[in-house]
Amino acid sequence: MVDGRGRRARRLPGTLVHLASLVLGFGAVLMADYYALLFLTGRCALRDALGSTAHLHVPIWTGLAGLVAGGVMLQPDLDSPLTRVKLGLVLVLTLNGLQAGLPNRRMAQRSTAAVLAPRFLGWGTATALVSQVCWWGALVIGFRNSQA
């Protein structure tokens with residue numbers, strides 16, 4: 001039988017990887033969404049917003065990969081309904097991130113908001129909303145599971 005300290009010591013590396021990856025990945029997502037808000041409120045040009053967010057893809061994907069690796073190290077209870085919901089959110093988040101490249105490439109080909117079709121703005125907005133719901137949902141579930 002392993003005492004509580006031994007189990008905590010085994011979980012520490014996974015927790016550190018998970019938290020560092022959360023800061024890296026979700027922090028980069030929040031920055032990308034901030035640049036999108038700057039564009040939508042007319043405080044920066046589309047080209048500037050897209051140029052700024054282009055540099056955030058590596059930290060976003062690195063953070064997501066680290067979250068998955070840290071999550072595996074934490075050995076979650078896969079029988080828990082909340083854990084299954086969290087895994088579903090991570091899957092949706094990943095698929096959403098993959099499809100996000102399509103509107104980004106198309107928007108990058110336009111130089112001003114005047115030539116940007118409303119459907120691209122809608123697509124980008126929906127992508128950002130799905131991303132936020134998945135990130136915050138997984139964060140809340142992870143926090144709740146860590147308290148159990």
* Asked: Which heavy atom of V92 sits nearest a heavy atom of C134, and at what distance?
  -> CG1-SG, 3.6 Å
* Asked: Is the side chain of T62 donor-acceptor paired with the backbone N or O of P59 at a distance under 3.5 Å, no angle test?
  -> no
* Hey, does L121 have a side-chain heavy atom less than 4.5 Å from the side chain of L40? -> yes
* Asked: Of the non-hydrogen atoms in T127 and N96, which two are nearest, and what is the gap between them?
  -> O-ND2, 2.9 Å
* **Sequence neighbours excluded, every pair satisfying ring-ring contact (aromatic ring centres under 6.0 Å, His included) that has a member inside residues 65-88** => none
* To do: Verify the cluster assignment for L38 and L30: are they in a single hydrophobic cluster under the rule of side-chain heavy atoms below 4.5 Å apart?
  => yes
* Side-chain heavy atoms under 4.5 angstrom apart, residues restricted to Ile, Leu, Val, Met, Phe, Trp, Tyr: same cluster for I141 and L87? -> no
* When hydrophobic residues are tied together by side-chain contacts of less than 4.5 Å, even through go-betweens, does F26 share a cluster with L67? -> yes
* Nearest 0.5 Å please: distance from the CG atom of L19 over to the CG atom of L24. => 12.5 Å
* If every non-hydrogen atom of A49 is compared with every non-hydrogen atom of C44, which pair is closest and at what distance? -> CB-SG, 3.9 Å
* D48 vs F39, side chain to side chain contact (heavy atoms under 4.5 Å, CB included): CA-CA, chis, key distance, verdict -> CA-CA 8 Å; D48 296 333; F39 164 70; over 6 Å; no
* Would you sort out whether L64 and I60 count as a side chain to side chain contact (heavy atoms under 4.5 Å, CB included), showing the intermediate values? => CA-CA 6 Å; L64 184 58; I60 290 170; 5.6 Å; no
* Asked: Are M73 and L139 in one and the same hydrophobic cluster, where Ile, Leu, Val, Met, Phe, Trp and Tyr link if side-chain heavy atoms are under 4.5 Å apart?
  -> no
* Asked: Linking I/L/V/M/F/W/Y whenever their side-chain heavy atoms sit closer than 4.5 Å, directly or via other members, would F143 and L89 fall into one cluster?
  -> no
* Between T53 and Y34, does a side chain to side chain contact (heavy atoms under 4.5 Å, CB included) hold up when you go through it step by step? -> CA-CA 9 Å; T53 59; Y34 172 73; over 6 Å; no
* Report the distance from atom CG of D33 to atom CG of L56, rounding to the nearest 0.5 Å. => 10.0 Å
* With a 4.5 Å heavy-atom cut-off, do L78 and R84 have their side chains touching? -> no
* Asked: Passes side chain to side chain contact (heavy atoms under 4.5 Å, CB included), R47 versus L50? Steps please.
  -> CA-CA 5 Å; R47 186 170 303 281; L50 291 174; over 6 Å; no
* To do: Locate the shortest heavy-atom distance separating T83 from P76; write the atom from each residue and the value.
  => CG2-CB, 3.9 Å
* Asked: Atom NZ in K86, atom CZ in R144: separation rounded to 0.5 Å?
  -> 12.5 Å
* Structure fact -> For W136, the side chain to side chain donor-acceptor pair (under 3.5 Å) test, sequence neighbours excluded, returns Q132
* Asked: Would you call W61 and T94 a side-chain contact if the rule is heavy atoms closer than 4.5 Å?
  -> yes
